[in-house]
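All values below were derived from every heavy atom in this structure, side-chain atoms included, with hydrogens, water molecules and symmetry-related copies excluded.
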Amino acid sequence: MDFELRRAREKLEKEQKERKERARLKLEREKKAKEEAKKQREAIEAAQRSRRLDAIDAQLKADQEMQESLLAGGGIVFYRTLEALPFQGSGDKIKLPPSCFTELSGQGAFDKGPLHFKLSVLHQEGPSNMVDGEKESNRSTHSGVLEFTADEGFVGLPPHVWRNLFPSDTPNNSFVEVRYVRLPKGTYAKLQPEGIGFAELPNQKAVLETSLRQHATLSQDDVLTVNYGELAYKLKVLELKPSSSVSVLETDIEVDIVSPDDMSAGTDQYTLKPLLFGKSESGMVEEGKYVFYKFTIDDDTRKKIVSGEKRAEVRVDSEIDGGDTSIYVSRHPLLFPTRHLHEWSSHDAGSKVVILSSKDKSVDVGTYSIGVYGFKGMTKFQVLVTLEDDSGRKVGQEATSSSSSIEMDTVQCKNCKRFIPSRSIVLHEAYCSRHSVACQHAGCGMVLRTEEARDHVHCDKCGQGLQRREMEKHMKVFHEQCSCPCGVVLENAAMVRHQASDCPLRLITCRFCGDMVQAGTSAMDVRDRMRGLSEHESICGSRTAPCDSCGRAVMLKDMDIHQIAVHQKS
C-alpha cells in the first residue's frame, strides 16, 4: 500500500515539474518573440527614418544643384548624361543632339552669348567604390559647341576634349555629364610646355593665337596641344585668371610661358642644337633619322655675303665606312628641313658642302637650320659652319672668262675640247690622249681620268653622269617614288618642288597672322586669287581691325586698298 502511494506521489510531482517546465519555456518563447518583434519594429522604423532622411538630403541636394545650375548658367538650367564618342576635329567644340538645341533655345540660352559647357566623367560604381586610379581619372573640362548633329543620347568629343577627359586610350566608362555654364572672359594664362622643343619656335605668340582661335574655353590642369606644321607641342594650363575656367572668345589674354620642370623631358620633340662659326660639332645619326642644328647670320655677315666678299659654307664630314648622310638647310621660319622640305641640300659621297653666297637671293639676316639625315647605317659625323673668303674664286672666274681676250693664239684639244695655247698643244694632246677620256654619252662630254672612266655611268632616268658607287644613292634621293600627305605620288626630286610651291599642305608664313600654317588650296574668292592669297590667307585676312587713321573696321586683306583709296597713303 505504501509503495503504491509513493509511486502515485512521484508521478504527480513529475507531472507538476513537467507542467512548470513547459510553462517556463512558453514564457521564454513569448518573451523572445516580443523582443524579436520589437527589434523588427525598430529596424523598420530606422529604415523608414533613413529613407525619409535620404529623401530630404536628395531634395536638398537637388535644390542645391538647381541653385548652382541657375547660378552657373545665369538662370538657365541644362544638364544631360550622354555617352561620349570621339570625332576628328580641332579645338574644344563638341557636337550635341538636336534635342539639346530645342531645350537650350526654349530657355533663351542663345540670347546670352556663346554657349559654354562643363563636361564631367560619370562613374557608375559610385564614389564609395572608386579606387585611387578612378578618382584621378574622374576629370572635368569645359568646351564650346560646334553643332547639334549628334545622335540622340550621344555627345561628339574632338581629340582635345577626349584626351583631357580620358587620359587613357580605352576608358572603362564613357558616360559624360554635360552641363551649361557661364564663364568669365579670360585675362591671364600661365602655360608650361612638356618639353624644350616649344622654345625653338620663333613666333610663339602667333602660334598660340592661331591655336586658341579654334577654342572657346580654357580650363586649369588641361593639356593644350599646339600644332606647328606637322609638329605638335603639348602645354599644360597651370593658372588662369579671373577663374579656373575661362572663355577665350573675343578677349585679350596675357600669356606667360614657363620652363618645363624636367628639361630633359620631351625627347621625342625636335630640338635645334646651336652652332658657332668656325666651331665644329660631332654627332651620330641613325638611318632614317635626323639631327638638327642652327646658326645665325647677322646683318654684318649678310652684307659681306651679299657683296661677294664672303661666303658661308655648311660642311658635314661623315665616316663613310658602312654609313652615309645627306644634309638639308633651310631658313626660319621653316625650322626643321627634311628630304622633301628644304631650300639647300647636298648628297655627295664623303664630305657634303652647302654654300650660301651672293648668288643666293634668299640669303638674309636670321636663323638657319641644318638637318643631318642618316641615309645609311649608324653614321658618325662632324658639322661645321665657316665664313670663307669669296674674292679669290671671283677673280679666278673673271680671269677664266677673260682668258680668250688675253690669250688669242689657242687651239682646241681634240680629246678634251679645251682651248690650249698653240705652243703647247702637241704636248697636251699627247698627254691627254693617254690619261684622259671624254665621255661619249649624248649631252655629257665630261673628260675623265682613265681609271675614273671605267666607273662612269649615266642615270637612265635623268641622264646625269656619276660614279657607279653613287648610283644607288642617286636613285633613292632623286627618283624614288614617294607619297605626299595630300595624296600626290611623285619622284623625290619632283616632290621637293611640289611641297615647296604646289602642295596644299605646304607651310607658309601668313601675311596677316604671322604664323606658319598650311597654305590650303586656291582661295575661293577670285579677287583673293588675283592678289596671290592662299586659302588660309583669304580666310585669315577676312578678320577686321580698326584703321589707324580713321578707326573704321576694315578687313585685314583690304587694309592696304583702304589706306590708298581713303587716306591716299601709298
* Asked: Would you say the side chains of Ser345 and Arg339 form a donor-acceptor pair under 3.5 Å?
  -> no

Donor-acceptor contacts, no H, no angles, side chain residues 92-100, under 3.5 Å, sequence neighbours left out:
from  : atom 1 : to     : atom 2 : distance (Å)
Asp92 : OD1    : Ala216 : N      : 2.8
Asp92 : OD2    : Ala216 : N      : 3.3
Asp92 : OD2    : Thr217 : N      : 2.9
Asp92 : OD2    : Thr217 : OG1    : 2.8
Ser99 : OG     : Arg80  : NH1    : 3.2
Ser99 : OG     : Arg80  : NH2    : 3.3
Ser99 : OG     : Glu152 : OE1    : 2.8
Ser99 : OG     : Glu152 : OE2    : 3.3

* Asked: In this structure, which one of Val354, Leu275, Val353 forms a side chain to side chain contact (heavy atoms under 4.5 Å, CB included) with Val314?
  -> Val354

* Answer yes when Asp300 and Lys304 have at least one side-chain N-carboxylate O distance shorter than 4.0 Å, and no when they do not. => yes

* Derivation and outcome, side-chain contact (heavy atoms from CB on, under 4.5 Å), residues Thr367 and Arg331 -> CA-CA 6 Å; Thr367 303; Arg331 185 166 66 90; over 6 Å; no

* Asked: So which heavy atom on Ser483 is nearest to which on Val489, and how close?
  -> OG-CG2, 3.6 Å

* Asked: Is there side-chain contact between Thr301 and Lys310, with heavy atoms separated by less than 4.5 Å?
  -> no

* How are the rings of Phe277 and Phe295 set relative to one another: parallel (under 30°), tilted (30 to 60°) or perpendicular (over 60°)? -> perpendicular

* Asked: Any donor and acceptor pair, going by atom type alone, linking the side chain of Arg182 with main-chain N or O of Lys112 inside 3.5 Å?
  -> yes

* **Electrostatic pair Arg531:Asp558 at N-O distance under 4.0 angstrom** => yes

* Backbone N/O of Glu537 and side chain of Ser534: donor-acceptor pair under 3.5 Å -> yes

* **Ring-ring centroid check His340 His498, cutoff 6.0 Å** => no

* Check: Ser120/Glu177 side-chain N/O donor and acceptor closer than 3.5 Å -> no

* Residues Lys236, Glu194: salt bridge by 4.0 Å N-O rule -> no

* So which heavy atom on His142 is nearest to which on Ser245, and how close? -> CE1-OG, 2.9 Å

* Tell me, with the steps shown, if Arg511 and Leu533 meet side-chain contact (heavy atoms from CB on, under 4.5 Å). => CA-CA 9 Å; Arg511 66 187 77 180; Leu533 300 182; 3.4 Å; yes

* To do: Please lay out, stage by stage, how Leu238 and Leu191 fare under the test side-chain contact (heavy atoms from CB on, under 4.5 Å).
  => CA-CA 6 Å; Leu238 298 182; Leu191 307 177; over 6 Å; no

* **Short side-chain to backbone donor-acceptor contact, Gln107 and Val77, under 3.5 Å** => yes

* Asked: Are Tyr180 and Phe78 close enough that their ring centers fall under 6.0 Å?
  -> no

* To do: Specify whether Tyr233 and Phe198 have parallel, tilted or perpendicular ring planes, treating 30° as the upper limit for parallel and 60° as the lower limit for perpendicular.
  => perpendicular

* Short N-O contact, Arg302 and Asp364, less than 4.0 angstrom -> yes

* What do you reckon, are the aromatic ring centroids of Tyr328 and His347 less than 6.0 Å apart? -> yes

* Between Lys352 and Thr325, what is the shortest heavy-atom contact and its length? -> CE-O, 2.7 Å

* Basic-acidic side-chain contact under 4.0 Å: Arg311, Glu313 -> yes

* To do: Say whether, by atom type as modelled, one donor and one acceptor occur between the side chain of Thr251 and the main chain of Gly186 under 3.5 angstrom.
  => yes

* Asked: Hey, does the side chain of Arg529 reach the backbone of Ala523 with a donor-acceptor pair shorter than 3.5 angstrom?
  -> yes

* Asked: Would a distance-only check, ignoring hydrogens and angles, find a side-chain to backbone donor-acceptor pair under 3.5 Å from Asp525 to Arg527?
  -> yes

* Do the side chain of Asp222 and the main chain of Leu218 share a donor and acceptor less than 3.5 angstrom apart? -> no

* Asked: Is a side-chain donor or acceptor of Ser542 paired with a backbone partner of Ser538 at a separation under 3.5 angstrom?
  -> yes

* Residues Asp151, Leu85; criterion side-chain contact (heavy atoms from CB on, under 4.5 Å); working and verdict -> CA-CA 10 Å; Asp151 294 334; Leu85 292 176; 5.8 Å; no

* To do: Quick one: sort the Phe166 and Trp162 rings into parallel, tilted or perpendicular, breaks at 30° and 60°.
  => tilted

* Flag side-chain contact, heavy atom, 4.5 Å: Ile257 against Leu235 -> yes

* Any luck finding a side-chain donor-acceptor pair between Ser369 and His332 under 3.5 Å? -> yes

